Amino acid sequence: MHRIAVVAFDGIHAFDLAMPLQVFSTAHSLPKEPGELFGPPLYDVRVHGDGGDLAVTGVGGVEMYRYTPPYPLADAIEADTVIVVGVAASPEPPDHVLELLSRAHRRGIRIASISSGGARVMAASGLLDGRRIATHWSRASLLAERYPQLIVDTDVLFIDHGDVLTSAGAASGIDLCLHMIRQDFGSAVAADVARHMVVPPQRDGGQAPYIVHPDPGDDHGSLEPAMRWLRQRLREPVTLADIASFAGTSPRTLNRRFREQTGTTPLQWLLRQRVHHAQELLETTDLSIEEISRHCGFGTSVSMRQHFAKHIRTSPLAYRRAFRSRSD
């Protein structure tokens, strides 16, 4: 099994600690025995830390309970993935934790941070220098001021550089964990985890819908009806004018609303939905590439290959070979 080491130390946030444990422990092989809810587990998830009686905190650093990690911190170096979770704003990350992260990175271990607190620990280790990182919108300016060598981005839910990954904060850690499951075992397994957790398998856009802005005008409204309408028409040719007509607004206003609520344009959002649906069909059906291309609205397999090369960085056939074998 893929081993996940969640690094814990004094001042750790309760939600950030529990989140990766819940998400990764829910990931199981899709084939299962008759009558069983889950197949064999895919991850060995462990909490690592030194000493006992560590403070676990809530919002504002309020202590909620005390905790003793069951595995030594030093053993985290043997994991396949190390996850750094958030801590209270005041304490500096312990030197031995920063050294562990540096050693793990040198060994090629994937390292991910949950929330702005986790990103601060990663930033202190130097692993994020010169990189674009995700963090919570409310902490972005403070993190950028403290670590000017970082490129702080509040337009995304998470960022994956391959060797290091960061998430925006709070529930975006779930998005990051599902993304890693998708990378490790395919979108069908990630979708199965999401179904069990009753969360979206993949949220598009970024933090734009959650950032505190001045009160919007009267013409601002939810895009959910338009998104639902588009999902039902993935195989049909749809123009910006078509979407605006359904939404009862102008194309210009529609574009503005989509950027505010998803961080992208209506047509780019629609394209992502088509790519995601094609991934699911490649993993779970025997439809030909040409059939999937038509079913998802790409028109031809050539067009679908071009979009896969741009967004997935592989071909549909290579994707099917990789992820069908992981879910069989």
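Keep in mind it's a predicted model, so treat the numbers as computed, not measured.
Atom CD of E236 has more than 12 heavy atoms from other residues, nucleotides or ligands within 6.0 Å. The environment of E224 atom CD is dense: over 12 non-hydrogen atoms of other residues, nucleotides or ligands sit within 6.0 angstrom.
Counting heavy atoms from C-beta on, the side chains of V156 and R132 come closer than 4.5 Å. Side-chain contact between I289 and L282 is present, with at least one heavy-atom pair separated by less than 4.5 Å. The side-chain heavy atoms of R320 and T285, taken from C-beta on, include a pair separated by under 4.5 Å. D242 is not listed as a side-chain neighbour of R233, based on a closest heavy-atom distance of 4.5 Å or more. Counting heavy atoms from C-beta on, the side chains of C296 and L281 come closer than 4.5 Å. Side-chain atoms of V121 and S113, non-hydrogen and from C-beta on, never get closer than 4.5 Å to each other. Side-chain contact check for T135 versus T166: every heavy-atom pair is 4.5 Å or farther apart. Under the 4.5 Å side-chain criterion, counting only non-hydrogen atoms from C-beta, I151 is not in contact with D153.
Within the model, atoms NE2 of H276 and CG of L271 stand 9.0 Å from one another, a figure rounded to the nearest 0.5 Å. Between the OG atom in S288 and the CG atom in L317 there is a gap of 11.5 Å [rounded to 0.5 Å]. Between E290 atom CD and S301 atom OG the span is 4.0 Å, to the nearest 0.5 Å. Note that the CZ atom of R120 and the CZ atom of R139 stand 8.0 Å from one another [nearest 0.5 Å]. Distance check, rounded to the nearest 0.5 Å: CH2 of W269 to CZ of R274 gives 10.5 Å. Residue T81 holds its OG1 atom at 3.0 Å from NE2 of H2, rounded to the nearest 0.5 Å.
The main-chain N or O of S187 is found under 3.5 Å from a side-chain atom of E283 such that the two form a donor-acceptor pair. Panel note: side chain S29, backbone P40; no donor-acceptor pair is recorded below 3.5 Å. Between the side chain of H179 and the main chain of I159, no donor-acceptor pair closer than 3.5 Å is present. Side-chain atoms of H28 come within 3.5 Å of backbone N or O of T26 as a donor-acceptor pair. Judged by distance alone, the side chain of T57 and the main-chain N or O of G11 form a donor-acceptor pair under 3.5 Å. Although no hydrogens or angles enter the test, the distance criterion places a donor-acceptor pair under 3.5 Å between the side chain of D10 and the main chain of A55. Counting only distance, with no hydrogens or angles, the side chain of Q268 and the backbone of T265 share no donor-acceptor pair below 3.5 Å. A donor-acceptor contact shorter than 3.5 Å is absent between the side chain of H13 and the backbone of F15.
Across A119 and L128, no two heavy atoms sit closer than the pair O-CD1, 3.9 Å. In terms of heavy atoms, I174 sits closest to M19 at N-SD, 3.2 Å. Closest heavy-atom contact between I114 and S167: CA-OG, 3.4 Å. Residues V45 and S25 come closest through the heavy atom pair CG2-N, 4.0 Å. Closest heavy-atom contact between M1 and L42: CB-O, 3.7 Å. The two residues I83 and P20 have their closest heavy-atom pair at CD1-CB, 4.0 Å.
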- Message: Determine whether L98 and S125 satisfy the following criterion, side-chain contact (heavy atoms from CB on, under 4.5 Å), listing intermediate values before the conclusion.
- Response: CA-CA 5 Å; L98 303 182; S125 73; 4.0 Å; yes
- Step by step, would you call F38 with H196 a ring-ring contact (aromatic ring centres under 6.0 Å, His included)? CA-CA 10 Å; F38 293 109; H196 281 286; 4.5 Å; yes
- Would W229 and I243 satisfy side-chain contact (heavy atoms from CB on, under 4.5 Å), going step by step from the backbone distance to the final call? CA-CA 9 Å; W229 183 81; I243 309 171; 4.3 Å; yes
- Item | T253 and S250: CA distance, side-chain angles, deciding distance, side-chain hydrogen bond (donor to acceptor under 3.5 Å, both in side chains) verdict | CA-CA 5 Å; T253 299; S250 69; 3.0 Å; yes
- Step by step, work out the side-chain contact (heavy atoms from CB on, under 4.5 Å) result for M180 and F24. CA-CA 9 Å; M180 288 192 281; F24 287 110; 3.6 Å; yes
- Task: Report the C-alpha distance between L230 and F246 in whole Å, list the side-chain angles of each, state the deciding distance to 0.1 Å, and finish with yes or no for side-chain contact (heavy atoms from CB on, under 4.5 Å).
- Result: CA-CA 10 Å; L230 285 171; F246 173 83; over 6 Å; no
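The pair E99-R106 meets the salt-bridge criterion, since a charged nitrogen lies less than 4.0 angstrom from a carboxylate oxygen. Using a cut-off of 4.0 Å between Lys/Arg side-chain N and Asp/Glu carboxylate O, R110 and D184 are scored as salt-bridged.
Between Y43 and F185, the two ring planes are perpendicular [angle over 60°; tilted spans 30° to 60°].
Neither V82 nor L54 shares a network with the other; the hydrophobic side chains, linked directly or stepwise wherever heavy atoms of I, L, V, M, F, W or Y lie under 4.5 Å apart, form separate groups for each. Hydrophobic clustering (side-chain heavy atoms under 4.5 Å, transitive across Ile, Leu, Val, Met, Phe, Trp, Tyr) keeps Y147 apart from L142.
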Below 3.5 Å, can you tabulate the donor-acceptor pairs from side chains in residues 58-78 to any protein atom, sequence neighbours excluded?
from, atom 1, to, atom 2, distance (Å)
E63, OE1, R66, NH2, 3.0
E63, OE2, R66, NE, 2.8
R66, NH1, D53, O, 2.6
T68, OG1, D53, N, 3.2

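Residues meeting the salt bridge (charged side-chain N to carboxylate O under 4.0 Å, His left out) test with D163, sequence neighbours left out: R131. For D44, the salt bridge (charged side-chain N to carboxylate O under 4.0 Å, His left out) partners are R46, not counting sequence neighbours.
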